[in-house]
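The structure appears below as structure tokens.
So you know, we letter chains A, B, ... as the sequences are listed, proteins then strands, and number each from 1.
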Amino acid sequence: MQIKVKLYASLRRQKFDEADWEITPDQKIASIVEQLGLARQDVGTVLVNGLHAGWDETVAEGDVVSLLPRMGGG
Amino acid sequence: MSEKTISNNPESVVYKRCTVDLASGTTTFAQVPCKNLEDVLGGFGRSFQILAERDIAEAYCPENPVILNTGLLTGTSIMTGMRSYFSGYSPLKKSGTGRPGAMWSTGSGNFGNKFKWTGLDEVIFENRSDKPVYALLKEGENGPEVELKPADHLIGLTGHGKIMALYQEYPEAHFAAIGPAGENWENNYMGAVVMSTDNELKSGEPKSRFAGRGGMGSLMGYKNLLAVVALSSDKLQKITPEIRDVNRDILKSGGSARFQPASQGGGGGTWANIEVLQVFHAVPLNNFRPKGNDDVERLFRDEVEKEFDIATEACHRCGIRCHNNLFYKNEDGSRGKLAAKFDFEPLILFGSNLGVHEPAKVCDLIHRCDLLGMDAISLGTTISYVLDYNERHPEKPLFNGATFGDYDKITELIEDAGRGKLPGIARGVKRLSEETGETSYAMHVKGLELPAYLPDTNPGYMFAIAGGHMSMGTHMMLAKEGKHSLEEWTQAITTGGLLQVGYDMIGLCKFVGVGIGHDIIVRALKEAAGLEIASADIVAAVRRAYLRGLALELRQGFHEEKEYTLPAQVMDAPNPKVTLPKFITNEFLAELRQRVWSVFKPEMEGLLPVQGE
Ligand code: SF4
């Protein structure tokens with residue numbers, strides 16, 4: 001099934017801004033990140049359709065998965 | 001420290017203090033045994049115990065000291081170990097009773113190392129000089145020596161100007177100086193301490209670091225102490241295999257990785273936060289009121305790169321290299337002169353939050369603030385209030401009538417504030433908003449202006465003891481994790497969040513980014529300082545230091561309900577444009593306060609020394 005993946009900041013610069021992505025129906029977010037070739041420790045936040053999601057969650061056809069790098073500072 | 005004792009017995013660790021009486025010019029040296037682990041770790045953990053012994057009702061009084069000290073790892077070869085700390089009762093942070101809050105402020109650069117290598121761990125500047133002076137701290141044949149020298153030739157120079165002038169006299173030294181803002185202490189409470197870096201001294205460009213928060217530069221100005229010179233030979237600690245391992249782990253840690261150069265696969269410094277927060281329309285815009293538009297995207301790194309050459313540079317020997325310095329491009333494409341340092345706080349607070357979105361203009365505003373030696377957070381946030389007020393009251397605007405995006409008039413405000421001509425701005429947003437009577441959109445907590453993270457996303461600000469500073473590590477929790485329940489926020493504030501201040505004790509940059517009791521920290525203390533301290537003991541000491549700071553706030557009159565709150569606009573008019581959960585209501589805050597105090601209060605008992613003893 002197909003989802004949309006959006007990447008931000010340093011992740012976007014490593015790969016792409018936005019892409020349609022083929023996954024298997026039961027694929028967890030952790031595995032999607034791996035499939036994208038991103039290091040899990042580089043990803044700080046995952047959003048599914050704008051809401052925070054965890055590594056073990058699965059997604060549905062047409063969902064938008066946004067991956068944000070680790071944030072911090074101050 | 002005078003002894004490298006492998007022990008967790010604090011009294012066995014002795015540090016070297018010099019007390020300088022600025023009024024008489026006398027200096028007194030003492031070997032001081034540590035009372036507790038907070039003393040051993042250093043930084044504010046030590047200085048706040050000294051401050052707590054004093055009864056200070058006014059920041060500008062002779063009895064209010066400026067305490068300069070270091071952390072246990074300052075001057076070691078542990079990466080980022082070069083912090084020095086300036087502490088005192090703040091002219092800016094004040095309670096409802098009018099009494100000042102204790103503050104510390106810290107910066108990197110090579111000044112901390114050079115200071116430590118003089119053989120001193122702490123200098124307490126008492127009273128005030130009747131003439132402008134600078135302090136020369138140097139290593140002598142029989143230990144450290146301290147002298148006060150006339151500083152008339154430094155008067156009126158920028159912070160960077162003072163540093164470069166002193167560098168001519170002391171080419172082996174490093175420097176901490178105040179700018180015009182600190183010199184105009186009566187009308188400017190947000191003067192910073194400007195600290196030299198190797199790159200600055202070599203290039204002559206103003207690549208200083210700043211101990212900005214809380215007006216410690218203004219307090220130095222009140223004391224007529226214009227600069228501190230640290231003159232010592234370099235004592236670079238041998239990098240043992242163990243220290244190399246610790247440094248490698250610091251570099252590899254997820255925390256520091258995000259501050260490393262984008263070109264090396266790192267996050268590129270705090271700058272990257274802007275793009276991430278924009279996903280939620282949570283980047284401060286027009287006085288912390290995002291509009292849900294894409295205005296801030298002009299300040300994204302890729303956009304700025306079109307106009308400027310970006311160089312990632314570092315303090316002395318630091319591999320994290322978190323400084324993003326922007327240089328103008330010459331016509332032939334080569335690197336021109338330095339435009340500004342460009343990190344998240346100044347970028348936002350002099351950019352989108354003032355309605356200014358052209359990178360070149362933002363650079364210019366940051367640069368002016370830096371040269372005048374003001375805290376970028378306090379100044380930017382106070383000016384954004386002025387612009388907001390003027391937009392609400394076009395018929396009777398404040399000052400020169402500047403509004404959002406009015407670069408020329410904002411420039412005037414910065415220059416005039418820095419030179420002491422606009423006390424209305426330079427005494428901070430709390431006082432200004434109390435004068436106008438419109439306090440709901442004055443973005444401060446306990447009198448300290450908020451950094452560039454929306455209060456709508458961080459109730460942790462209430463319990464940050466540096467008040468509105470980033471010393472409560474919860475400023476990104478909502479955006480990162482989406483957590484917004486009472487349980488989660490109580491837990492974050494009372495456990496992890498407060499430990500952020502530990503970095504302001506041990507001498508490392510918080511950009512190392514691992515938890516304070518982390519194995520890396522334990523190993524660093526063992527290998528570089530020779531002290532075996534268990535992780536749980538470090539955590540307990542940091543917690544006590546934080547709670548002592550909180551107890552000191554209450555003793556200085558901060559009201560445990562009315563002043564542990566957020567700007568009223570957050571609760572009264574939640575911003576519909578921010579796409580993160582809106583959970584902060586008056587009821588939420590009341591319940592959160594109650595839960596947090598019920599954890600903290602019993603632990604705070606007995607932490608304050610008896611005054612005068
Ligand atoms: S992390 Fe940044 S501020 Fe800290 S020492 Fe390294 S370069 Fe300097």
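Checking B:I493, B:V445, B:I465 one by one against B:M472, the side chain to side chain contact (heavy atoms under 4.5 Å, CB included) holds for a single residue, B:I493.
Heavy atoms closer than 4.5 Å to chain B are found nowhere in A:L11, neither backbone nor side chain. Proximity to chain A (any heavy atom under 4.5 Å) is shown, for B:Q278, by neither the backbone nor the side chain. Proximity to chain A involves both the backbone and the side chain of B:V276, based on heavy atoms less than 4.5 angstrom apart. Both the backbone and the side chain of B:A479 come within less than 4.5 Å of a heavy atom in chain A. Contacts of B:L580 with chain A are made by side-chain atoms alone, with heavy-atom separations under 4.5 Å and no backbone atom involved.
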Next item on the list: Mind running side-chain contact (heavy atoms from CB on, under 4.5 Å) on A:V48 and A:V64 for me, showing each step along the way?
Entry: CA-CA 6 Å; A:V48 176; A:V64 178; over 6 Å; no
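Here the CG-OG1 distance, from B:N325 to B:T312, works out to 9.0 Å after rounding to the nearest 0.5 Å.
A:F16 places a side-chain heavy atom less than 4.5 Å from the side chain of A:L36. Between B:M103 and B:L448 the shortest side-chain heavy-atom distance falls below 4.5 Å.
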